[in-house]
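As the structure lists them, so they are numbered: ligands from 1, and atoms in each ligand from 1. Because the structure is a prediction, the values reported are computed rather than measured.
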Amino acid sequence: MILVLCLGIESSCDETALALVRDGTLVDAILASQADVHAIFGGVVPELAAREHYRFIGPLYDRLMSRNELTPTELDVIAVARGPGLLGSLLVGIAFAKALALASEARFIGVNHLHAHLLAVGLQETIPWPCLGLLVSGGHTEIYLMENFTRFTRLGRSLDDAAGEAIDKIAKLLGLQYPGGARLDALARRGRADPKLFPRPYLDNDSLDFSFSGLKTAVATQLARDARPLENIALNKVSQLLCDVCASVNLAVVEILCGKVERALDRFPGIRTLILAGGVAANSLLRARAARLMEERAGWLLLPPPHLCTDNGAMIAYAGELLARHGFGHDLDMEAIPRGVGVPDDLRQYG
Ligand code: KG4
Ligand code: ZN
């Protein structure tokens with residue numbers, strides 16, 4: 001069977017996203033973000049997330065298929081994010097994907113959401129194996145040794161908050177709306193970073209693991225100590241102090257991430273390529289510092305554009321199509337994998 005057209009479905013957190021990939025090339029993508037629904041609560045509410053996915057997934061599918069003049073039987077592969085993620089949210093996407101695969105007789109495949117983040121840059125350029133992957137999102141901060149598109153070895157992970165989670169919690173302390181990562185990044189660009197203001201937790205060791213919860217506590221302590229207002233309400237604009245604090249937080253996070261990357265590269269001197277992935281990879285300082293780091297080491301940085309860093313359907317469609325093209329897939333009894341549980345290596349090889 002020649003596998004060509006893959007529909008990818010992403011519903012692991014708070015974006016309902018679908019995309020079509022044909023032979024490794026993105027055809028079209030559609031996305032509905034629930035960020036404003038959760039912003040009222042200051043974080044993702046799992047029950048609401050699942051309901052929103054349920055509300056959006058059918059209409060998004062219809063729109064994507066009709067504007068590409070496709071019928072279900074023209075799909076060769078149905079790929080879906082199978083985890084890790086919010087269980088109720090994943091189940092919406094997986095149930096939809098299974099029903100569609102059953103009706104269309106397309107190959108069904110569950111994709112590891114984390115691997116899909118790391119592979120997404122393959123939509124833009126050829127990935128030279130082996131390489132190092134830094135995945136920084138709202139739920140994960142992990143470093144991987146990537147030997148090929150199926151062999152990923154995790155070298156380090158966050159022991160507490162993920163980088164994005166810590167940034168979002170700090171942004172909340174600073175009065176920014178959830179999810180505050182992009183806003184904190186924008187304000188940081190207008191500020192002056194004080195490299196001594198905040199600590200670099202868990203960097204002064206030889207581990208490749210991360211810890212970010214201490215940074216959040218340090219920011220809270222600093223805010224309690226400094227009575228100056230962060231917002232200049234009279235002028236209806238943010239204060240220079242807020243921009244400076246954002247810049248200092250940003251610098252601390254980026255220095256921790258880059259410090260661990262350098263350590264990992266030292267351990268694997270044969271590896272010359274770094275992939276940045278996940279929502280926090282959209283961060284402007286991280287992108288600049290990682291580029292500089294790889295340039296200094298005469299290596300390469302593969303950097304997906306920001307819309308491929310945050311959760312999206314294209315990364316699921318791309319990974320699913322790549323795996324299916326090599327004969328991999330799942331039976332319809334494949335299970336969703338909740339947050340905190342490892343995704344099993346249970347891909348089946350079909351003829
Ligand atoms: O990968 P993603 O969309 O969802 C998860 O799988 O978690 O990542 C979302 C995270 C959020 O914490 C968000 O605040 C953060 O990525 N983020 C950023 C930026 N854009 C998104 N963090 C820092 N700087 C940004 N520009
Ligand atoms: Zn993600």
Enquirer: Above 12 or not: heavy atoms from other molecules or residues under 6.0 Å from CD of Q349?
Expert: yes
Enquirer: Any heavy atom of H113 closer to ligand 1 than 4.0 angstrom?
Expert: yes
Enquirer: Distance under 4.0 Å to a non-hydrogen atom of S137: what atoms of ligand 1 satisfy this?
Expert: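 Numbered from 1, ligand 1 contributes 1 (O), 5 (C), 6 (O), 7 (O), 8 (O).
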Enquirer: Measure the acute angle between the ring planes of H117 and H113, then classify it against the limits of 30° and 60° as parallel, tilted or perpendicular.
Expert: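 Plane angle over 60°, so perpendicular.
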Enquirer: Report yes if some N/O of P179 lies less than 3.5 Å from some N/O of ligand 1; otherwise report no.
Expert: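 Between P179 and ligand 1, no N or O pair is found under 3.5 Å apart.
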Enquirer: Around atom CG of D345, are there more than 12 heavy atoms from other residues, nucleotides or ligands closer than 6.0 Å?
Expert: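 Open.
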Enquirer: Below 2.8 Å, any N, O or S contact between H113 and the Zn ion (ligand 2)?
Expert: yes
Enquirer: Over 60° means perpendicular and under 30° means parallel, so classify the ring planes of H326 and F149, tilted if in between.
Expert: tilted
Enquirer: Quick one: report the N, O or S atom of D311 that is nearest to the Zn ion (ligand 2).
Expert: OD1
Enquirer: To which protein heavy atom is atom 6 (O) of ligand 1 closest, and what is the distance rounded to 0.1 Å?
Expert: D311 OD1, 3.1 Å
Enquirer: Side chains of L347 and M334, heavy atoms from C-beta outward: is any pair under 4.5 Å?
Expert: no
Enquirer: If the contact criterion is a heavy-atom separation under 4.0 Å, does A182 count as touching ligand 1?
Expert: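 Contact present.
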Enquirer: Heavy atom of H117 under 4.0 Å from ligand 1?
Expert: yes
Enquirer: Around atom CD of Q222, are there more than 12 heavy atoms of other residues, nucleotides or ligands at under 6.0 Å?
Expert: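 Above 12, so yes.
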Enquirer: Between G139 and ligand 1, is there a nitrogen or oxygen pair with a distance under 3.5 Å?
Expert: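 Looking only at distances, the answer is yes, because the N/O contact criterion of under 3.5 Å is met.
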Enquirer: Which of these, G181, A35, A186, G138, has its nearest heavy atom closest to atom 9 (C) of ligand 1?
Expert: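 Looking at heavy atoms only, G138 sits closest to atom 9 (C) of ligand 1.
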Enquirer: List every atom of ligand 1 that sits less than 4.0 Å from any heavy atom of G164, numbering the atoms from 1 in the order shown and giving each element.
Expert: 12 (O)
Enquirer: Which protein non-hydrogen atom lies closest to atom 23 (C) of ligand 1, naming both residue and atom, and how far is it?
Expert: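 Residue, atom and distance for the closest contact: N283 ND2, 3.4 Å.
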Enquirer: Does H117 bring an N, O or S atom to under 2.8 Å of the Zn ion (ligand 2)?
Expert: yes
Enquirer: Report the nearest protein non-hydrogen atom to atom 11 (C) of ligand 1: residue, atom name, distance rounded to 0.1 Å.
Expert: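 Atom 11 (C) of ligand 1 sits closest to the protein heavy atom D168 OD2, 3.4 Å.
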Enquirer: With a 4.0 Å cut-off on N to O distance, would you call D76 and R325 a salt bridge?
Expert: no
Enquirer: Can you hop from M315 to I78 via hydrophobic side chains spaced under 4.5 Å?
Expert: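 No.
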Enquirer: Under a 4.5 Å cut-off applied to non-hydrogen side-chain atoms, are L114 and L118 in contact?
Expert: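 No, too far: nothing below the 4.5 Å cut-off.
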Enquirer: Can you report which non-hydrogen protein atom sits closest to atom 21 (C) of ligand 1, along with the distance?
Expert: G279 O, 3.4 Å
Enquirer: Which residue supplies the protein heavy atom nearest to atom 26 (N) of ligand 1, what is that atom called, and how far is it?
Expert: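 The protein heavy atom lying closest is D185 OD2, 3.0 Å.
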Enquirer: May I ask you to establish whether R154 and F152 are in a cation-pi arrangement, using a distance under 6.0 Å from NZ or CZ to the six-membered ring centre and at most 45° from the ring axis?
Expert: no
